[in-house]
Number of protein chains: 2
Amino acid sequence: MNQILRIVLIEDDDIIRMGYQSLLNDVDDFNVVNAYASYDLAKKHLETDNPDVILLDIQMPGTNGLQALPIIKKALPSTNIIILTVFDSPELVFEALTMGAGGYLTKNSSAAKIIDAVREVSTGGGAMSTNVARIVMHSFQKNLNSPLTKRETEILDRIANGQTKPQIANDLFIDQETVRSHVKNIYIKLDVNSKADAIKTAKEKRFI
Amino acid sequence: MNQILRIVLIEDDDIIRMGYQSLLNDVDDFNVVNAYASYDLAKKHLETDNPDVILLDIQMPGTNGLQALPIIKKALPSTNIIILTVFDSPELVFEALTMGAGGYLTKNSSAAKIIDAVREVSTGGGAMSTNVARIVMHSFQKNLNSPLTKRETEILDRIANGQTKPQIANDLFIDQETVRSHVKNIYIKLDVNSKADAIKTAKEKRFI
DNA sequence: ATGCTATCCCCCAGAAAGGGGGATATTTTT
DNA sequence: AAAAATATCCCCCTTTCTGGGGGATAGCAT
């Protein structure tokens, strides 16, 4: 499977775009089939370009990269898209990943990293620069000093998944009153007095 | 800040452990202060070892790596831990990340990748091998073909965060009856008839 | 031995949920 | 321009759930 990878660039800065183009074209099995200064310019050609991988900037005139991402993904579901941008705020990163980006690189990435990333996402993999990996990993980390006990956490987790107290009681083979007891303690510990506030507080503090 | 990085290895395979030890000790600013065949052997020495980074295997006799992870994190909060294992199932990866791992590498990682990872996590960053990045990124991707409208998704999302219909109505400046209408349609589209089932189905299908 | 945890019990009023049945205006799609 | 989808609002109703108050008890860990 040493096939030529068809690549499309969408990047508004002429210098950067041409730089990436020559960088990627120098790789034996890469072929930059087209390079556009915006998504609006690219959209009518993407079907025929039929790229395996698109390198997509976020900031550009007209439809921006994050807006374009789901549109492209729907039109060309098998195309893998790498966001290539100077921005690395958590909001942008999560937005891009939920919308189907296969990679997220910041523009300080080395040539080798970019080439690796293209190869990686072309097989359905994931690629991100270290600063992005940092953001993503931090989003997973739970607070290890939660005031909630195991049981309380278990119950709050189920509440956050929409289960009612009777349902929880049933699932855990305990009485509704026991669930109620735990919930009371959860509310005291989190200093709240409603389901919504408990979930909100617990998520903010990463207890669940 | 060109300080020597103090490193501890916890890995039960003698050959592999010694291999990593010599690999890392060959790096100028790295110092493998100790290497143990299990966490149970390591635990009484970790405080004095005072490592900046720990490379931690999952599979080992006695307390395994994932069990040890939160314990170490609590005892040495400023120590950054990299999981180094042959396993890369989503469950293990998520477990490790939520428990505070700063990196997750599989053992097919190159020497350069491992060295990079140690450096990266020592500054609080994140490091993962490409197969792990793949798992993590896929966990973020939403289904772009949700049957739910924007408004319905917004409302279901709020329900999943514990808000009641009156609260949602208030936040969105619409009538409770409107919220009710949307919820009815959500239930029909998802073929459910309760909050819990709606959340469950929507999460499974990645609509929210 | 004291505290924390998990379990269960009762009272109560008010709130919320979910199943029906609609209507209407605005958008979007065709 | 017509048809479909969406977002908004209205009424009926019963059942279920919630949260606040007051407890008790057995086991486990420090």
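All chains are named by letter (A, B, ...) in the order of the sequence lines, taking the proteins before the strands, and each is independently numbered beginning at 1.
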Spacing of B/Lys150 atom NZ relative to C/dT27 atom P, expressed in whole Å: 14 Å
A/Lys107, NZ: over 12 other non-hydrogen atoms inside 6.0 angstrom: yes
Pairs involving residues 72-83 of chain A, ordered by first then second residue, that meet side chain to side chain donor-acceptor pair (under 3.5 Å) (sequence neighbours left out): none
Cationic N near anionic O, under 4.0 Å, B/Asp14 to B/Arg17: yes
Sorted by number, the residues of residues 162-170 of chain B with heavy-atom contact under 4.0 Å to DNA chain C: B/Thr164, B/Lys165, B/Pro166
Contact list for residues 152-169 of chain B, test salt bridge (Lys or Arg N to Asp or Glu O under 4.0 Å), sequence neighbours left out: B/Glu152-B/Lys189, B/Glu154-B/Arg158, B/Arg158-B/Asp171
Pairs where residues 127-142 of chain B contributes a residue and the test salt bridge (Lys or Arg N to Asp or Glu O under 4.0 Å) is met, not counting sequence neighbours: A/Glu120-B/Arg134
Using the 3.5 Å cut-off, write out each protein N or O paired with an N or O of nucleotides 28-30 of chain C and the distance between them.
none

Along DNA chain D (nearest heavy atom to each residue), the more 5'-positioned of B/Ile174 and A/Tyr187: B/Ile174
Where B/Tyr104 and B/Val93 come nearest, the two heavy atoms and their spacing: CE1-CA, 3.7 Å
Rounded (10°) bend between the five-pair end axes of the helix from C/dA1-D/dT30 to C/dT30-D/dA1: 80°
Residues forming a ring pair (Phe, Tyr, Trp, His ring centres under 6.0 Å) with B/Phe140, sequence neighbours excluded: A/Phe94, A/Phe140
Ring pair (Phe, Tyr, Trp, His ring centres under 6.0 Å) partners for A/His138, two or more places apart: none
Nucleotides bounding contact with chain B, strand DNA chain D, heavy-atom threshold 4.0 Å: D/dT6 to D/dC11
Any B/Asp12 side-chain heavy atom under 4.5 Å of B/Tyr36 side chain: no
Test item: side-chain donor near acceptor, B/Thr63 and B/Asp40, under 3.5 Å: yes
Pair B/Ser129, B/Asn131: side-chain N/O donor-acceptor within cut-off below 3.5 Å: yes
DNA chain D-proximal residues of residues 190-208 of chain B, any heavy atom under 4.0 Å: none
DNA chain D contacts made by residues 175-186 of chain A, counting heavy atoms under 4.0 Å: A/Arg180, A/Ser181, A/Lys184
Phosphate-side-chain proximity, A/Lys189 and C/dT5, N/O vs OP1/OP2 below 4.0 Å: yes
Test side chain to side chain contact (heavy atoms under 4.5 Å, CB included) applied to A/Asn25 - qualifying residues, sequence neighbours left out: A/Gln21, A/Asn31, A/Val32
